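For this chain, numbers begin at 1 and follow the sequence in order. Remember, it's a predicted structure, so these values are computed and weren't measured experimentally. Counting convention: from 1, in listed order, for ligands and their atoms alike.
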Amino acid sequence: MEATSYLRLSFLLMAALLLLVFVRTWVRLPSLSPEDCSEFGSPCTLKQRIQLGRTGGFIEKNKPPKYQKIDHENEVVKHPLDPLTIQEIKKVREIISKSSDFNHGEFSLNSLVLEEPLKEEVLAWKAGKNFPSRKASVIAQVGGYFHKMVVDLVLGQIVTNDISHEAGYPTMTVEDMVSSVRVPLKNKEFADIVKKRGVNVSDVSCVPISLGWFGEAEEGRRLVKVQCYSMAGTVNFYMRPIEGLTVLVDMDMKKILKITNNGKDIPLPKGENTDYRLSVQKQPLLPPLNPISIEQPKGPSFKVDGHQVKWGSWEFHVKPDPRAGVIISEAKVKDPDTGKMRRVLYKGFTSELFVPYMDPSDAWYFKTYMDAGEYGFGLNTMSLEPLNDCPRNAYYMDGVFASADGTPYVRPNMICIFERYAGDISWRHTECPISGMEIREARPKVTLVVRMSASVANYDYIVDWEFQTDGLIRIKVGLSGILMVKGTKYENVDQIDSNAELHGTLLAENVIGVIHDHYVTFHLDMDIDGTENSFVQVKMAKKTVENGPTPRKSFWTGERHIAQTEKDAQIQLSLYNPSEFHMINPSKKTKIGNPVGYKVVPGGTAASLLDHNDPPQLRGAFTNNQIWVTPYNRSEQWAGGLYTYQSKGDDTLAVWSNRDRPIEKKDIVLWYTLGFHHLPCQEDYPIMPTVSASFDLKPVNFFESNPIMRTAPMTEKDLPMCSASAE
Ligand SMILES: *[C@@H]1O[C@H](CO)[C@@H](O)[C@H](O)[C@H]1NC(C)=O
Ligand SMILES: *[C@@H]1O[C@H](CO)[C@@H](O)[C@H](O)[C@H]1NC(C)=O
């Protein structure tokens with residue numbers, strides 16, 4: 001993460017909970033119907049729509065119709081991978097509370113999610129059949145110990161219960177974060193320091209910062225470093241750091257262990273013009289763009305049934321998860337030749353993030369966040385804002401999670417699903433005059449997007465799973481939100497000695513945007529037409545021609561190398577030694593004999609520059625390669641280890657992969673890391689325009705031919721609503 005006012009977060013959670021208890025309505029935003037412009041005579045123009053919008057008539061007339069009421073209290077399970085329902089979470093809580101092992105209720109839950117049935121069971125399941133028995137996977141703190149349990153909801157009992165002997169700890173609970181940032185506020189020494197720095201204690205906002213692991217000091221107890229900001233004069237308190245003030249807190253004892261006050265001569269940045277809310281913006285605003293939205297006169301083309309989504313040739317399951325954010329499961333695509341659904345991806349999700357800052361000084365060296373394992377990427381996924389986070393034609397899905405005491409709560413509108421038409425072309429050809437044929441064929445590109453956005457304190461991560469009709473899956477991460485900045489005495493670049501190491505960029509008076517990276521590692525359990533797959537690196541090798549029959553001297557060719565063991569699939573990308581990376585099913589071939597496959601097409605290719613022996617990189621060793629392939633193992637889901645908090649890096653993807661297990665013709669898992677180097681610039685201040693990168697999973701000899709050739713173009717009569725040009 002970076003950090004936040006978790007006090008506010010908890011209020012938001014409570015408010016959301018209360019809201020959902022009372023208002024359990026599920027609404028969908030409207031798609032335009034032909035009547036909408038009736039007062040102007042149909043079809044209406046964009047300008048008329050704007051006028052309607054401005055007078056409010058348009059908006060008023062289109063109050064969102066009730067789409068589907070998800071009654072979370074009485075939600076029914078429809079698929080073996082459906083997340084635990086409110087009733088199931090309540091039952092787990094009851095079972096644990098009654099268990100004599102747990103001091104009758106004296107526990108704190110770090111995680112309570114579905115214990116997914118065995119993969120064989122899920123693959124064997126068919127709609128209408130009985131579910132494999134519903135179980136919960138629980139990580140709980142009881143006394144000083146962390147237990148990993150499986151609770152069987154049918155048997156009504158705890159069926160396995162293991163005490164952790166790992167070095168690391170589970171994900172912090174929201175309650176851990178909230179209580180930790182309150183600790184300094186009650187302390188006299190802290191109050192005096194803050195006052196001397198010119199900040200009223202009532203204006204102080206603190207954030208809980210995971211401190212990684214650097215040696216014995218971070219072992220044996222759960223610790224957090226609390227750093228604080230002034231909220232005076234701006235909601236963007238991140239821009240007013242009380243620099244150099246770090247409070248080391250014991251998370252369980254709720255006790256201050258040490259206060260470090262190193263920034264006495266660093267002034268508090270003024271925070272002028274850092275409030276990003278529209279309501280406080282000073283004129284003039286930028287020239288406004290006219291309203292824009294997607295129209296689907298016949299409604300959307302996708303269906304959501306519980307957590308199962310069907311769209312075009314795709315079918316998949318979407319699950320909100322407190323740690324991963326979104327989990328996509330059982331993604332299958334229809335073969336246009338046979339009409340059969342074919343398996344592509346058994347499970348895909350954000351496994352871990354690694355966000356190291358590049359400032360080795362006292363108040364900064366430990367900032368090497370792992371947002372999924374330390375903070376909970378899904379726990380920090382907030383409700384999406386209709387029309388702005390997702391377009392008007394979006395469907396919203398809620399998350400149902402458990403709080404530390406086991407009480408269920410609902411995170412409304414956590415995920416949105418929508419069809420995107422961004423004006424792109426899915427394929428085209430126009431015949432040039434040379435041939436004498438007049439052919440103009442083009443098809444619009446419409447895709448389906450599943451989106452979430454995690455606000456891990458200051459930073460916002462937008463994660464999109466985008467499905468294309470041609471079988472491609474694009475996984476995109478966007479970064480926005482607020483920089484974690486450092487206070488400095490400098491007010492102008494002219495004052496900075498050329499030898500001084502800033503560790504960032506001066507963004508405003510007294511504010512440095514500190515250099516950092518973001519790595520987002522995805523777990524991609526590909527199952528290409530079955531579980532038995534192989535990984536093939538197709539190296540693009542340069543060949544030279546000596547004394548050939550033509551004047552050409554060189555060309556390149558694809559050399560296939562089938563990975564035998566894990567180490568063959570530890571891939572570091574290289575521009576001048578390029579390769580393609582195929583996941584194939586060696587026993588399934590196209591009619592003409594190519595093995596069917598999908599390739600991972602890299603993008604966002606930043607690689608960590610930290611020393612491999614630097615403690616943060618030991619913990620973040622899953623970013624040492626951009627691609628890894630491991631044999632499927634239920635226990636190997638989290639690239640930074642199950643117990644990531646203060647972990648030493650002895651349970652990472654790198655450690656597993658170095659076992660060098662066989663991976664040929666096996667059920668295998670592909671891992672891909674999207675990377676971003678961030679050297680901040682002034683435009684990132686005081687809030688960052690979104691920066692995105694993506695990678696693709698693309699069919700490679702999977703279909704017999706272009707699967708979307710037999711699709712129809714759009715015509716004017718398909719889109720009867722409004723003319724596209726303002727008059
Ligand atoms: C602190 O609070 C007092 C009383 O509200 C106010 O008069 C004073 O200006 C504040 N000081 C700062 C530095 O904000
Ligand atoms: C599965 O993963 C766990 C955790 O990494 C490991 O202890 C176990 O040996 C693995 N099993 C196999 C067969 O690799």
Audit row: Gln646, Phe214, side chain to side chain contact (heavy atoms under 4.5 Å, CB included) steps and yes/no:
CA-CA 9 Å; Gln646 284 173 245; Phe214 293 86; over 6 Å; no

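- The protein atom (non-hydrogen) at minimum distance from atom 9 (O) of ligand 2 is Arg659 NH1, 4.3 Å.
- Under a cutoff of 6.0 Å and an axis angle of 45°, Lys332 and Phe316 do not form a cation-pi pair.
- In summary, Glu566 and Arg661 engage in a salt bridge, as defined by a charged side-chain N under 4.0 Å from a carboxylate O.
- Within a 4.0 Å radius of atom 11 (N) of ligand 1, the protein contributes at least one heavy atom.
- With hydrogens and angles left out, the side-chain atoms of Lys489 and Gln495 include no donor and acceptor closer than 3.5 Å.
- The shell of residues lying under 4.0 angstrom from ligand 2, judged by heavy atoms, excludes Arg634.
- For ligand 2 and Trp656, the ligand atoms under 4.0 Å from any heavy atom of the residue are 5 (O).
- The backbone N or O of Lys270 sits less than 3.5 Å from a side-chain atom of Arg240, completing a donor-acceptor pair.
- The protein atom (non-hydrogen) at minimum distance from atom 14 (O) of ligand 2 is Arg661 NH1, 3.0 Å.
- Classification of Glu115 and Arg634 as a salt-bridged pair holds, one side-chain N sitting under 4.0 Å from a carboxylate O.
- Of the protein's non-hydrogen atoms, the one nearest atom 1 (C) of ligand 2 is Asn633 ND2, 1.5 Å.
- Closest protein heavy atom to atom 8 (C) of ligand 1: Asn200 ND2, 3.8 Å.
- Arg619 has no carboxylate O lying under 4.0 Å from a charged side-chain N of Glu352, or vice versa, which leaves the two without a salt bridge.
- The nearest protein heavy atom to atom 5 (O) of ligand 1 is not closer than 4.0 Å.
- Gly198 O, 3.3 Å is the protein heavy atom nearest to atom 13 (C) of ligand 1.
- Polar contact with ligand 2: present for Glu636 (N/O pair, distance under 3.5 Å).
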